[in-house]
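Letters A, B, ... mirror the listed sequences (proteins, then strands); counts begin at 1.
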Amino acid sequence: MYSPPDPTSYNRLVWDIVRQVPAGRVSTYGQIASMIPPPDGVDELQYRRLGARWVGGAMHAVPDGSGVPWQRVINSKGEISVRERTEGHLEQRLRLEAEGVRFDDAGRVDFDAVGWDGPAADWLAERELLPPRPLGKRPSSDPDATQPRLF
DNA sequence: CGTTTGACTACGC
DNA sequence: CGCGTAGCCAAAC
């Protein structure tokens, strides 16, 4: 798999971030990666794809009983990335549904409803991490037809 | 020792 | 909006 220069410390950092995701909310591999600065020498655009894979590797490597809520990390399409018809896939879905996360007929969640907006700004600053990429559709793309003027 | 296979995304059709 | 593919690496077969 695509591995970061230092998988051990990278994984620890990823797990720390994932621990911040509250129950009932979901993040994505790409969003987690977006908070971690790209290592030296890694092209930023390339890191958007590589980093997501690295985070996937970190999730795959979560130790049993570590308390890391790995089920709250899914792919950018809003679906569970663990291969279907596997034990892990079913367990992730059941865990999320137990937290109140709903899946549509296509097996996708609604980021606008359950998407995570990242840790508090000071939490990120303490660790020299970047602000996360927002999830879901941009509310700004919705015309002000439904958005009444406040004055 | 050669192949297959990923807990991913962006981009082009 | 759905589908295929590149990118580019380490393990498991």
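Remark: the separation of the P atoms in C:dT5 and B:dT4 is 16 Å, to the nearest Å. Comparing the same atom, P, in C:dC13 and in B:dA7 gives a spacing of 12 Å after rounding to whole Å.
Along DNA chain B, the nucleotide nearest to A:Arg83 and the one nearest to A:Gly30 differ in position, and the one closer to the 5' end is contacted by A:Arg83.
Taking the ring centre of A:Trp123 as origin, the terminal cationic atom of A:Arg127 falls inside the region bounded by 6.0 Å and 45° from the ring axis. A:Phe103 does not carry A:Arg108 over the face of its six-membered ring by the limits of under 6.0 Å from the centre and within 45° of the normal.
Salt bridge present: A:Glu91 and A:Arg95 bring a charged side-chain N and a carboxylate O closer than 4.0 Å. In this structure, A:Glu97 pairs ionically with A:Arg93, as a charged nitrogen and a carboxylate oxygen lie closer than 4.0 Å.
Not less than 6.0 angstrom separates the ring centroid of A:Tyr2 from the ring centroid of A:Trp54.
Looking at heavy-atom distances under 4.0 Å, A:Arg93 makes no contact with the nucleic acid at all. At a threshold of 4.0 angstrom between heavy atoms, the contacts of A:Trp70 include nucleobase atoms, whether or not backbone atoms are also involved.
Contact annotation: A:Ser3 does not reach the phosphate of C:dC9 (side-chain N/O to OP1 or OP2, under 4.0 Å).
For the pair A:Lys77 NZ and C:dC1 C1', the interatomic distance rounds to 12 Å; values are reported in whole Å.
Counting non-hydrogen atoms of neighbouring residues, nucleotides and ligands closer than 6.0 angstrom, the CD atom of A:Glu126 exceeds 12 such neighbours.
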Output one line per pair: protein atom, nucleotide atom from nucleotides 4-7 of chain C, and distance, for all N/O pairs under 3.5 Å.
{"unit_1": "C:dG7", "atom_1": "O3'", "unit_2": "A:Gln46", "atom_2": "NE2", "d": "3.3"}
{"unit_1": "C:dG7", "atom_1": "O6", "unit_2": "A:Arg53", "atom_2": "NH2", "d": "3.4"}

